[in-house]
Amino acid sequence: MKTREEALSRLGASVGVEFGVNGVRRRVGVEGRVTLLDWLRDELGLTGVKKGCDQGACGACTVLVDGKRVVACLMLVAQCDGREVTTVEGVAGVGEAGAVQDAFVRHDAFQCGYCTPGQIMSAIALIGEGRAGTREEIAEFMSGNLCRCGAYPRIRDAIVDAAGGEVG
Amino acid sequence: MTITAPRIGAALDRVEAPLKVTGAALYPNDVSYPGLAHAAPVRATIAAGRVTAIDTAEARAAEGVIAVVTALDAPRLRRGPVTLLGISPPAPLQDDRILHYGQYVAVVVADTAEQARHAASLVAVEYAEDVPMLDIGDPRAEVEDDPWGMDVDRGDLEAGLAEADVVIDETYATPDNTNNPLGLMSTVAVWHGDGSLTVHDATQWPHGVRMSLAETFGVPESRIRVLAPYVGGGFGAGLRAWQHVILAVLAARETGRPVKLVLTRPEMFTGVGYRPESIQRIRIGATRDGRLTALAHEAIAPVALEDDNFEAVSHTSARAYACPNVMTRDRQVRLNIPCPGSMRAPTEAQGNFALESAMDELAVDLGIDPLDLRLRNFAGTDPLTGLPWSSNALRECFARGAELFGWSRRTPEPGSMRDGHWRVGYGLAGASYPPYQVPCQARASLQHDGSAFVRSAATDIGTGTYTVMTQLAAELLGLDVARVRFDLGDTDMPYSPQAGGSGLTGALGNAVRSACRQLLQAFLDVVADDPESPLRGLTLDEVEAGGGGIHRAGDPGSGEAYTAILARHDLAELSADGRSTPPTPDTTAWAGAFGARFVEVRVDADLGVIRVARVVSVIDGGRVLNAKTATSQIVGGTVGGIGQALFEETVTDEGTGRIANATFGDYLIPVNADVPDMEVVFVGGPDTATPLGTKGVGEIGLVGIAAAVANAVHHATGRRLRSLPLTLDALL
């Protein structure tokens with residue numbers, strides 16, 4: 001069994017990783033303990049990725065990894081080798097993503113705005129996965145993204161609208 | 001000057017929305033500086049006692065560590081000042097006493113956040129532990145009666161109870177709730193070479209933080225700049241200059257580096273306030289036909305040992321109904337607990353649950369419809385002063401809500417409505433939120449290109465301040481909203497009070513109104529003797545703003561553009577200051593917001609699962625500046641109310657004072673699937689107490705939901721639950 005110090009020293013050791021962020025290839029050496037969330041924010045300045053709990057419970061740091069929703073606080077940079085990471089900065093104003101953002105604005109689907117980038121990344125993935133068919137479905141699949149301001153009904157409105165449905 | 005303001009303002013999209021949906025809005029913890037260091041606090045793991053030793057050797061030796069400051073070696077710091085929100089929290093690290101679990105005992109500064117957090121875990125603290133006072137009934141605890149001098153005695157309570165045909169006497173309990181804004185409270189502090197200080201802080205009150213830091217660090221306010229352009233929610237947690245803010249500024253001073261301190265989610269449960277638990281006894285006496293003869297509301301709540309918290313739980317009951325004999329009592333018990341603070345709808349959230357539950361119990365006992373019972377006891381004048389309300393559309397709220405909700409379809413017998421295996425219940429509650437306003441200032445400038453810049457050091461914590469103030473200034477100056485920029489969140493701007501107490505829109509809106517009127521006056525002053533101006537010699541009352549300029553009232557063709565006046569007089573811009581003070585109506589009672597909340601719950605007949613299926617809210621919010629953002633406030637408050645009703649309870653370990661559920665995995669807040677679609681309608685007209693006519697709507701949305709849900713659960717099941725949150729185990 002490893003000692004605590006050995007384990008910790010391994011966490012602090014540098015790991016070489018090569019992966020894409022918003023379409024740009026990155027080759028980096030990074031401490032093994034650094035999460036994707038902190039690295040995106042602190043090293044790349046992609047502060048649209050928000051930290052709400054650092055425990056995988058709130059969804060504020062939702063990004064897409066190879067197109068799938070991931071909470072960046074529970075993924076280490078060291079796990080990203082060979083993958084493509086997309087943040088809210090990488091979808092701004094592009095195609096469907098723009099439609100989701102416009103719908104969020106139109107339906108006032110946020111208040112303080114802190115959870116919004118995560119909500120939008122989840123919404124984009126949801127629509128892409130074909131899971132935005134009904135309000136019930138949206139409510140269920142958006143329940144990993146907390147919003148303390150309480151914009152949930154309007155988030156549903158925005159996603160229904162962006163997915164091309166009728167807002168009730 | 002006349003303003004024909006719409007009762008419900010245009011549903012303009014939020015002006016800052018493009019920044020928020022692209023991730024470009026910079027919240028305090030998004031800010032970075034070259035050479036930024038990171039701080040992590042060390043928290044006490046006991047609730048009462050003393051620190052006997054702190055071994056920092058291992059932490060200091062850890063990679064990247066720059067400094068470790070502890071309660072045993074920290075420099076002396078003064079406690080912050082008494083402000084309009086009361087005393088400041090005690091300065092951190094000032095002695096060896098431990099007064100609550102989670103109290104800061106050290107702070108570690110390192111090159112990276114990971115290094116700081118790791119080194120903080122290496123600080124070894126030894127304690128001499130006392131037995132903490134954690135229970136509201138602890139006989140050792142100091143109890144203070146009537147802490148704010150707000151207890152009410154009206155009429156003769158005992159006589160009122162004696163003459164009643166029916167008396168309700170029940171006790172209700174609400175638990176600790178934790179604000180939990182999504183944004184982790186964060187501070188970035190930078191001391192500059194000239195001794196000045198810049199602080200980015202997730203605060204609801206930049207000027208409050210500045211006042212506190214000036215006192216604590218002995219720096220003139222004029223050399224401190226506090227910035228909070230975006231804040232990730234607050235719900236009261238950002239009202240004070242909490243101790244972590246001081247730690248960040250101290251860490252920056254000690255290291256000479258810019259320092260960022262971001263609280264963890266568990267730290268958000270012990271360091272930034274929370275709604276304290278309450279135990280409330282309600283007695284209501286009524287005649288057989290449902291007239292209240294007596295109302296007594298006695299509440300007790302905890303507070304920290306060396307801090308204060310305004311939480312007059314029972315007070316609003318004295319204004320709620322027309323009742324001749326009323327008594328309200330508040331008591332606070334000092335315990336070894338983190339300091340409670342305001343959480344969205346402080347006092348009303350708890351007090352209304354008890355009162356409106358008791359009113360429902362009375363309705364059941366009397367066999368009177370709960371809606372009728374409330375209307376029969378409607379307070380047509382303010383029970384405290386006897387004066388007519390400055391505005392009060394509560395009856396209209398009930399009438400409209402009943403119609404929209406379909407209240408008439410309710411069959412009164414508990415358990416009489418079913419849908420398959422769901423028991424269906426309809427419940428309602430009345431709601432009010434008292435008015436609040438404190439002095440505020442704003443400044444408006446008209447630029448040479450005809451655009452306007454209006455600002456005040458307020459915050460927009462999601463309420464829509466940026467947007468509604470932009471709309472308001474545009475209307476007052478006669479400009480398109482696209483030609484107006486409203487900015488906030490910077491103490492270099494004119495003084496603003498906090499975003500809190502549902503008081504900012506009124507305070508700031510009236511200050512913006514004042515600044516805009518003063519700006520129009522400044523233009524009239526410039527052209528007072530100008531023979532080329534059609535406005536020459538006119539007074540403010542004789543003109544209107546519109547179309548990018550000023551014209552004679554009722555005659556848009558007789559005026560001129562701002563740009564023309566500025567150009568002719570060789571002015572790059574004209575500016576004016578405005579300020580507002582709280583209204584002091586002497587012939588009316590200043591009313592806050594009112595509301596009626598209608599809720600349908602569904603309770604699983606076998607499992608006891610409670611779901612909120614429908615909510616209709618009708619709100620008297622006075623003049624509504626923006627239909628979209630005001631509605632969002634009510635929707636959001638309702639979601640908070642659903643959390644209070646069904647999920648939220650901060651659990652403190654009995655022996656240690658440790659918060660047992662200090663994560664989002666354990667402290668449940670509503671998620672998307674917990675929240676139904678809901679209807680929100682505004683009724684009533686502009687309030688007569690202020691020129692603007694608004695009422696705060698940030699908190700009324702939460703008030704009444706918990707009671708309406710509890711009342712609906714009773715209607716669905718016949719079970720009366722008097723303790724929040726309402727959980728399925730109580731129904732089994």
Side-chain angles (χ1 to χ4, degrees), chain A residues 8 11-12 31 33-34 38 41-42 45-58 60 87-89 91-93 100-102 104-108 110-117 120 135-136 138-157 168, chain B residues 11 13-14 16-27 29-30 32 63 112-115 118 179-184 230-235 262 264-265 460-464 628-629 631-633 635-640 642 663-665 669-678 701:
Chain A
L8 290 172
L11 279 176
E31 283 186 18
R33 63 186 170 190
V34 175
D38 286 333
R41 288 176 53 83
D42 295 343
L46 295 174
T47 54
V49 191
K50 298 301 185 199
K51 182 185 285 191
C53 71
D54 223 16
Q55 296 174 321
C58 79
T87 74
V88 71
E89 290 90 347
V91 296
V100 171
Q101 291 156 324
D102 287 350
F104 267 65
V105 174
R106 217 163 37 246
H107 292 280
D108 207 32
F110 52 88
Q111 294 172 36
C112 81
Y114 197 87
C115 72
T116 310
I120 285 172
R135 296 182 75 80
E136 292 71 26
I138 293 167
E140 198 60 36
F141 286 106
M142 289 300 290
S143 281
N145 289 83
L146 301 182
C147 170
R148 190 58 160 160
C149 295
Y152 296 128
R154 297 192 145 193
I155 290 169
R156 294 196 289 269
D157 290 343
Chain B
D13 292 341
R14 283 172 201 262
E16 81 285 10
L19 296 179
K20 286 180 173 173
V21 298
T22 57
L26 283 184
Y27 297 78
N29 71 357
D30 297 333
S32 191
E63 188 181 356
T112 71
E114 288 87 354
Q115 289 167 343
H118 172 55
N179 306 51
N180 276 317
L182 250 283
L184 295 168
Y230 296 97
V231 178
F235 317 109
V262 180
T264 63
R265 184 54 58 182
D460 183 341
I461 57 173
T463 52
K628 188 174 278 192
T629 55
T631 301
S632 283
Q633 283 294 286
V635 170
T638 304
V639 174
I642 291 172
T663 72
F664 273 145
I669 67 171
V671 302
N672 200 310
D674 293 317
V675 175
D677 290 321
M678 54 184 84

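Below, chains carry the letters A, B, ... as their sequence lines are ordered, and counting in each starts from 1.
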Full working for side-chain contact (heavy atoms from CB on, under 4.5 Å) between A:Lys50 and B:Asn29: CA-CA 9 Å; A:Lys50 298 301 185 199; B:Asn29 71 357; 5.5 Å; no
Chi angles and distances behind the salt bridge (Lys or Arg N to Asp or Glu O under 4.0 Å) call for B:Arg265, A:Asp54: CA-CA 8 Å; B:Arg265 184 54 58 182; A:Asp54 223 16; over 6 Å; no
Option that, when pairs with chain B are counted at under 4.5 Å, heavy atom only, ranks first among A:Ala57, A:Ser143, A:Pro117: A:Ser143
Residue selection (most heavy-atom pairs with chain B, distance under 4.5 Å) from A:Gly113, A:Gly48, A:Gly45, A:Cys147: A:Gly113
Closest non-hydrogen atom pair, B:Val639 against A:Gly150: CG2-O, 3.5 Å
Note, B:Asp677 side chain near A:Pro153 side chain (heavy atom, < 4.5 Å): yes
A:Gln101 and B:Lys20: CA distance, side-chain angles, deciding distance, side-chain contact (heavy atoms from CB on, under 4.5 Å) verdict: CA-CA 9 Å; A:Gln101 291 156 324; B:Lys20 286 180 173 173; over 6 Å; no
Student check: side-chain heavy atoms of B:Leu182 and A:Cys58 closer than 4.5 Å: yes
Min side-chain heavy-atom separation A:Asp108-B:Thr629 under 4.5 Å: yes
Under 4.5 Å from a heavy atom of chain A, the part of B:Thr663 involved: both
Contact winner vs chain A - B:Glu114, B:Lys628, B:Arg14, heavy-atom pairs under 4.5 Å: B:Arg14
Any donor-acceptor N/O pair, A:Tyr152 side chain to B:Pro670 backbone, under 3.5 Å: yes
Among A:Glu140, A:His107, A:Gln111, A:Gln55, residue most engaged with chain B (heavy-atom pairs, under 4.5 Å): A:Gln111
Heavy-atom proximity to chain B below 4.5 Å, by part of A:Ile155: side chain
Top contributor to chain A interface from B:Ser632, B:Gly640, B:Pro676 [non-hydrogen pairs under 4.5 Å]: B:Ser632
Taking every non-hydrogen atom, the tightest pair across B:Thr22 and A:Val88: O-CG1, 3.7 Å
Step-by-step side-chain contact (heavy atoms from CB on, under 4.5 Å) determination, A:Arg148 to B:Phe235: CA-CA 9 Å; A:Arg148 190 58 160 160; B:Phe235 317 109; 3.3 Å; yes
When A:Phe110, A:Tyr114, A:Phe104 are compared by non-hydrogen pairs under 4.5 Å with chain B, the top option: A:Tyr114
Residue B:Ile642 versus chain A: region with a heavy atom under 4.5 Å: neither
B:Asp13 versus A:Val105, closest heavy-atom pair with distance: OD1-O, 3.6 Å
Spacing of B:Leu184 atom CG and A:Cys53 atom SG [to the nearest 0.5 Å]: 8.0 Å
Residue among B:Gly233, B:Gly183, B:Ala11, B:Ala24 with most heavy-atom pairs under 4.5 Å to chain A: B:Gly183
Set of residues satisfying side chain to side chain donor-acceptor pair (under 3.5 Å) with respect to B:Asn672, sequence neighbours excluded: A:Arg156
Heavy-atom pairs under 4.5 Å with chain A, option from B:Val231, B:Leu19, B:Asn179, B:Val21 with the top count: B:Val21
Set of residues satisfying salt bridge (Lys or Arg N to Asp or Glu O under 4.0 Å) with respect to A:Asp38, sequence neighbours excluded: A:Lys51
Residue part contacting chain B, namely of A:Ala151, when any heavy atom lies under 4.5 Å: neither
